[in-house]
Structure formats: structure tokens, C-alpha cells
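Here is the naming used below: chain letters follow the sequence lines, and residue numbers restart at 1 for every chain. Just so it is clear, the values below take in all heavy atoms, side chains as well, and ignore hydrogens, waters and symmetry mates.
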Amino acid sequence: MLSYNFLMVLLGSVLLGGVASLVGCFTYLQRKSLVSDAVSHSILPGIVLAFIITGNKNPWVLTVGAFASGAASLYAIRLIQRYSFLKIDTAIALVLSIFFSVGMLMLSKVQNYKSGSQAGLDQILFGKAAALQQQDLISYLILAALLGLCLILYFPSLKLYTFNPDFAQTKGISSSFMEFLLSGLIITAVILGVQSVGLVLMASLLIVPASIALMWAGSLRSMMWISFAIAVFSSSIGVFFSAQFSKMPTGPLIVLAMLLPMTFAILFAPEKGILKRYKTQNQNKIKILSENLLKVFYHMHEAASRVYHPLQADEILAKRSFSPKEFQKGLDFLLKKHWLLKLEGGYQLSESGKIEARRVVRLHRLWELYLSEKLSFASDHIHGSAETIEHLITPELEAQLLEELDYPKQDPHQKRIPYNPGKYGN
Amino acid sequence: MEISVLITAIFIALSCAWVGSFLLFRGLAMMGDALSHTVLPGLVLAYLISGSRHNIAMLIGASVVGLLSSVTIEWLSKKMRVKGDAAIGLAYTSFFALGLILITQFTASVDLDQDCVLYGELLYIPFNTFTWLNIQWGPGALYTSGFVFLLVLTSLILGYKGLKITSFQSEYAASLGLQIAFWHYGLMGITSLVTVFSFESVGALLVVGFLVIPGACAWLLFKDLKKLLIAAGIVSILSCLLGYGLALVLNTALAPAIGTTMGAFFLLAFIMHVILAKGMKNKLH
């Protein structure tokens, strides 16, 4: 069974992950995700060196080391960008791999120590929350509190700088100070997150919760809350499972646990979710289909000098070809909307259906007229464009078109533009 | 001193450096990093199914998983609108986490563990000998790395023109009717192949250095592509030699020592680049 103290350690490490993910929101929005990846790999030499020099694993000692090499890596990325033509992507890969190689070299040296005081240092790579000492955890929680305080204090300027750096500058927010602050925040977040996730997979804690949160959130504040919740949820799964199995590192479990909310978001997110996009696509399809059907009805009545009589299915299909399945779907939709009535002699437009049909034909003809009058298109080049745009024109746009064209009576093919009775002299 | 270790290291470093140089030209350095992580689950599955480390067919299958990840990354950034660089981070951590879990679950059935992921096992290469027809042929890794080296060399020679044009003049290449996607995925495929075969010697985490550092050193100092590739090769070979010495002196793992040496070469190349650029400026004034 898990003891009370042990449970507290696990909960604490979960909290560290949650706080770290808050910084991920800023790095994600500023497209600095891979920079943070470089930082998380680059703190390794600092940590190991701090251990080699002092011979102990005190969190504050390791934090100083991590800060030094994390800051050095950020500076190195800037130097490479400033003094060479290498792109940011290359600079990141270079710094990441060089710092990490040096760190691994030191770690491999330290592994040979006979004293055993290095034991557990390599757990920083893949994380092992259960191995965290209680007094160490307290130090990290203090660090997390400092980070949270910083975020609260500088929230307005961080927000402004993230979304509109130029405007922030005119408001007196110095961009070099913001970069400095962000660097500090990233390094601190990495130090915190590494305690459970480990530094190899640290990037995911800064990327995944933030990217999921952005799919749901409407504001930066709610994005941060959601990302905190996701990080805490996944970390607890990872931390508790790895505590059950002694061989299992925590990091990979947390990362895999994050796939759950990720998949959920990919499927159900309000705008970009697959289901939502599928639904919108279907709605558009049926709208276009039914409007095309309405047009056929209108055209046939127009040919019959606007005498409304019921139409048979084969009469409609002779006018415009629909696949049988599509045709049935369109008819069903129109019947459901009560735009179409099923009578003994066939189908006939209802009063509301007539209004709809006039609307679609009107938009088609208005657009044709607009293209030929205002943009001087040849009259044989306008039908195709109107076929598409008639489904898209909003009532506001229609009003504008009407005004521009001064409520016209006829389209370029000398066909009447249908208005509803009583409108514009009809 | 085991000469076979050194030769294996050189084969791998050269393959990585040449493939990696083209990644650099195309701005795909971090993609190389991602691929070197994402091949892990495929690799573990390949080991689990075939039960051996030297089943070349299985290893080629494993690199398909790497290729799959590059498709995933594109899908995430284009369809789900996950910001480009974040998509890379998202995919590589997920694939790699899966691979690590597989390793911790099945270490008993394959002689593969976290240390191998971390440091590679270059120094143990002489112990894993390859036997065929009851004759000892020497270290198996020597043969697989030689095979990869030859594969990379032939593909580069055969695809040199196409790779060159699509890397440096992609619009021109498109107007010539070259299949940009073919060259892109071809390069991705060979990158995952190289990382798969480098895995047991170098470890999954240090491959990215082998891929990008030598090419970056050479690019800073040479503009001609052939000279550049030769220079990248020389940096790789020298790094292997000096890194081997470093590992012996410090008594450490070999792969990080080679990576560190490459890092030192980059520092050198960068300083030379800055000095040369200053010299050019002074001449102009």
C-alpha cells in the first residue's frame, strides 16, 4: 500500500508538472516549442557538473547548474543565429545535440564513481517521481510557487507581448526584458517538469497540454487553466502507474497518458475537431444539394410561365442529373423543411419553398449581373462562378449587391430577377 | 584498442553526416532529431518479432515506422493546425515514449535496455560476433554499419543531382517537373534507415548530433556542395578518432565522447566562420 508520505511526494510531483505546463502556453503561442526542447536537453551538463563539483544532489545546487547551462544554451542559439546564416531550426538542433552529448559524457563518467552518491542521477533522463525525496520536493514546490508568482505578476505584459509584441513595445514593455523573463520561465519550468517527466521527454509537457488547450479555449486565461488540468491529469496517471511498477520510468507513461486528452480533442474539439469538421461538411453538402433542387423547381415553373403544378421525379432528373441517392436525400431534406409538398401528381413547392427558391435564383442572377456590369465579364463566363457563389452569399451581402446594382429587374441573360411579392415593386 | 569499433563508428558517422547535411539544407534538422526518436518503437518491435539484432529485413521494416511519423507530423500541422514546430515535438515524444515502454516491458526477451538507448553500445561491439556457416566473421555491427554506409553512398551518388536541385532550388525543381514529394520522402526514408542502424551503436538520443553537427561545420566554411560533403566526412572521421581517444582517457561511453568532439569542431568552425566574415567586411570597407 502507498504510505501517506509517499502519496504526498507523488501529488507534489504532479503539481510540479501542472505548473510547468503553464509556461508551455506561452512558448506554444510564440512558436518556441522546440527552443524549450533544446533547453530541456541542455540543462543536463549543468546538473551533472554541479553534482561533480559539489558532490551532492541538493535541489538548489542542481537548480543553479541547470539554470547556468539552460541560459548558456539559449544564448548559444542566439549567437548562432546572429553570426551565421544557419536557421533557427538548425541552431536548435546543434545546441541541443552538443549540450546533450557533453552532458551524457559527464554522466557516463559519473556512473563510474565508486561512492554510489551519484545513484539516481540518471533518473533525471526519463523521470522517476517515486524516487523524489520529500525535502527535495519541498524545495521544488518553493520554486514552483516563485514561478507561479512571476506568472501572476507579469501576466498582463506577458499576454500583450505574446499576442502583439509591437504594440507591447509602444506600451513601454521592453522586448529584451520580456525575452529575459521568458528565458527564466522556460528554464524554471523545465527544472520543475523534469522531476516527473524527465528531460528527454520534457518537451511534451510544454507542448501537448498547451496545444490541446488551444483547441478548446477562447482566452489565454482559460487556455492556461485547461492546460494545467490536462498536465495534472496525465501526470497523475503516469506517476501513480510508475510507482506501482519499479522498473517503469515515469516520463513515458505521462506522455502516453497525454494521448488520451489529445485524441479526445482531435475528435471532439469545437472547431478543429474531426467530428465537427465532418458535420460542417455534411451540412454544407446538403445545403448545396437542396438549393440546387429548389432551383430546378423554379426553372421548370418559370418555363411553364410560372404556373405551379406538381412535378414528377423523372421530369426533375431530366432537367438536371442527380445521383439517385443524392436525389432522395435532397428531396427528404426539402420535405422535412416543409419547402416541398408531396402531392398526388408529384412534388410541388410550398409557399415557404417558393420564397427559398426565389432567393437562390435571385442570388445567382444578381451575381451574374454584378460580374458582367461591375467587373465587365463576358456573359458566357459568369454562370460557373454564380453556381458556386449563390450558396455562399449572406443576406448582408445580398443587400449590398442590391444597392450596388440599384434593384435590377433583369439579369444579363434577360431573365427576370425574382423578388418576393410586394418587394421592390413586385 | 579494437579496430572494429573504430571502423563501425566511422561507417555510422559518415552515413549520418551525409544524410544529415541534406536535412540541414532543407531546414529539416529538427525533423532528423524527431526521426531518430520515432524509429524506437519500430525497432523494438522488430527485435521482438525477429528475436535478433542483425535481421536486416526487420530493421528496414522498423524504419518504415519512422517514415510514418513524418507523415503524422505533416498531418498534425496541416489538418489539425498544431503549430509546425510543436507538431514535431508532439509526435517524437509520443513515439519515443511508446518505444521506451516497450523496452521496459520486454527487456527480458531482447537484450536491449535503457542504457543502450542512452549511450549506444559501441564499446561492446567486439563481443557480439556474427557467426555463419560455423565460421566466426567478427562483429555483426561492423557488417550492418558497412551495409548502411554502402547504401547511403550509392543512394547519394545515384540521387545526387535530384537531391541537390530539390534542396537548393526547390521552385526551379518544381518547374522542371521533378517530384518534390518523392525526394522529400526519399530523404526521410533514408534518414530513418540510418538512425535505425545507428541505434545500437550510438543510442537513439545522440544520433541527432551525428546527423547535424558535421554538416553544419562544413556548411559554415564551404559553399561548394562536393567540398562541403567531403569536409563533413573529414569532420566525422576525425571526431571518431579523437572521440575514441577521449573515451579511453576519461573511461566513458564512446558515443557521447564522439558527440562532444563534434561539438568542439563546431565551435572551431563557428569561430572561423565569424573571423572570415569579419575579414570579408573589412575588405569591403
Side-chain angles (χ1 to χ4, degrees), chain A residues 28-29 31-37 41 79-80 83-87 89-94 96-109 111-112 122 125-126 200-204 206-208 210-211 215 245 247-249 251-256 258-259 262 266 269 272 274, chain B residues 24 27-33 37 79-90 92-94 96-101 104-105 107 114 118-119 203 205-206 208-213 216 219-220 246-247 250-253 255-264 266-267 270 273-274 277:
Chain A
Y28 182 71
L29 289 170
R31 294 174 174 263
K32 283 192 178 134
S33 296
L34 289 182
V35 175
S36 63
D37 189 26
H41 282 77
L79 274 185
I80 293 176
Y83 290 108
S84 79
F85 52 86
L86 298 175
K87 288 187 212 90
D89 178 85
T90 311
I92 291 172
L94 283 166
L96 181 154
S97 59
I98 294 173
F99 274 70
F100 194 65
S101 291
V102 174
M104 291 300 281
L105 184 74
M106 292 176 177
L107 194 61
S108 133
K109 178 74 195 155
Q111 302 287 13
N112 299 334
D122 58 332
L125 293 170
F126 297 124
V200 173
L201 295 170
M202 179 57 211
S204 76
L206 292 176
I207 294 172
V208 184
S211 62
M215 292 186 191
F245 306 100
K247 259 172 48 183
M248 196 85 86
L253 285 171
I254 296 181
V255 173
L256 288 187
M258 281 196 281
L259 289 183
M262 184 77 209
I266 284 179
K272 293 168 195 162
I274 287 178
Chain B
L24 286 184
L28 292 173
M30 285 311 282
M31 208 46 193
D33 181 37
H37 287 80
K79 289 277 161 153
M80 295 313 300
R81 282 174 238 156
V82 172
K83 300 191 192 302
D85 64 337
I88 292 179
L90 204 160
Y92 101 72
T93 48
S94 307
F96 195 61
L98 185 67
L100 285 171
I101 298 277
T104 52
Q105 287 308 293
T107 33
Q114 275 188 37
L118 293 174
Y119 304 101
L205 298 176
L206 296 165
V208 53
F210 283 58
L211 283 171
V212 299
I213 305 174
W219 202 8
L220 285 176
L246 187 66
L250 293 178
N251 186 24
T252 60
I258 296 176
T260 303
T261 318
M262 284 177 176
F266 178 75
L267 193 63
F270 187 69
H273 172 76
V274 173

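Using a 4.5 Å cut-off between heavy atoms, A:Met262 touches chain B through its side chain atoms alone. Using a 4.5 Å cut-off between heavy atoms, A:Met258 does not touch chain B at all. With a threshold of 4.5 angstrom between heavy atoms, A:Leu86 approaches chain B through side-chain atoms but not through N, CA, C or O. With a threshold of 4.5 angstrom between heavy atoms, A:Asp89 approaches chain B through its backbone and through its side chain. Using a 4.5 Å cut-off between heavy atoms, A:Leu253 touches chain B through backbone and side chain atoms alike. Of the atoms belonging to B:Leu28, it is backbone heavy atoms, and not side-chain ones, that fall under 4.5 Å from chain A. In this structure, chain B has heavy atoms under 4.5 Å from both the backbone and the side chain of A:Leu201. Contact annotation for B:Leu206: only side-chain heavy atoms (C-beta onward) come within less than 4.5 Å of a heavy atom of chain A. With a 4.5 angstrom heavy-atom cutoff, A:Leu206 does not touch chain B via any of its atoms. Neither the backbone nor the side chain of B:Met262 comes within less than 4.5 Å of any heavy atom in chain A. Proximity to chain B involves both the backbone and the side chain of A:Ser84, based on heavy atoms less than 4.5 angstrom apart. Only the side chain of A:Ile207 comes within contact range of chain B, judged by heavy atoms closer than 4.5 Å.
Chain A forms more heavy-atom pairs under 4.5 Å with one residue of B:Leu24, B:Asp33, B:Leu246, B:Leu205 than with any other, namely B:Leu205. No other option in B:Val274, B:Leu250, B:Ile88 has as many heavy-atom pairs under 4.5 Å with chain A as B:Leu250. Contact tally against chain A (heavy-atom pairs below 4.5 Å) for B:Val208, B:Leu267, B:Thr261, B:Ile213: the top residue is B:Ile213. The candidate with the highest count of non-hydrogen atom pairs below 4.5 Å against chain A, out of B:Ala86, B:Gly263, B:Gly32, is B:Ala86.
Counting heavy atoms from C-beta outward, B:Val212 and A:Thr90 have side chains that stay 4.5 Å or more apart. When side chains are defined from C-beta on, B:Phe266 counts as touching A:Ile80, because their heavy atoms get closer than 4.5 Å. When side chains are defined from C-beta on, A:Phe99 does not count as touching A:His41, because their heavy atoms never get closer than 4.5 Å. No side-chain heavy atom of A:Val200 sits less than 4.5 Å from a side-chain heavy atom of B:Leu100.
The two residues B:His37 and B:Phe96 have their closest heavy-atom pair at O-CD1, 3.3 Å.
We find the OG-CD1 distance between A:Ser97 and A:Ile92 to be 11.5 Å, quoted to the nearest 0.5 Å.
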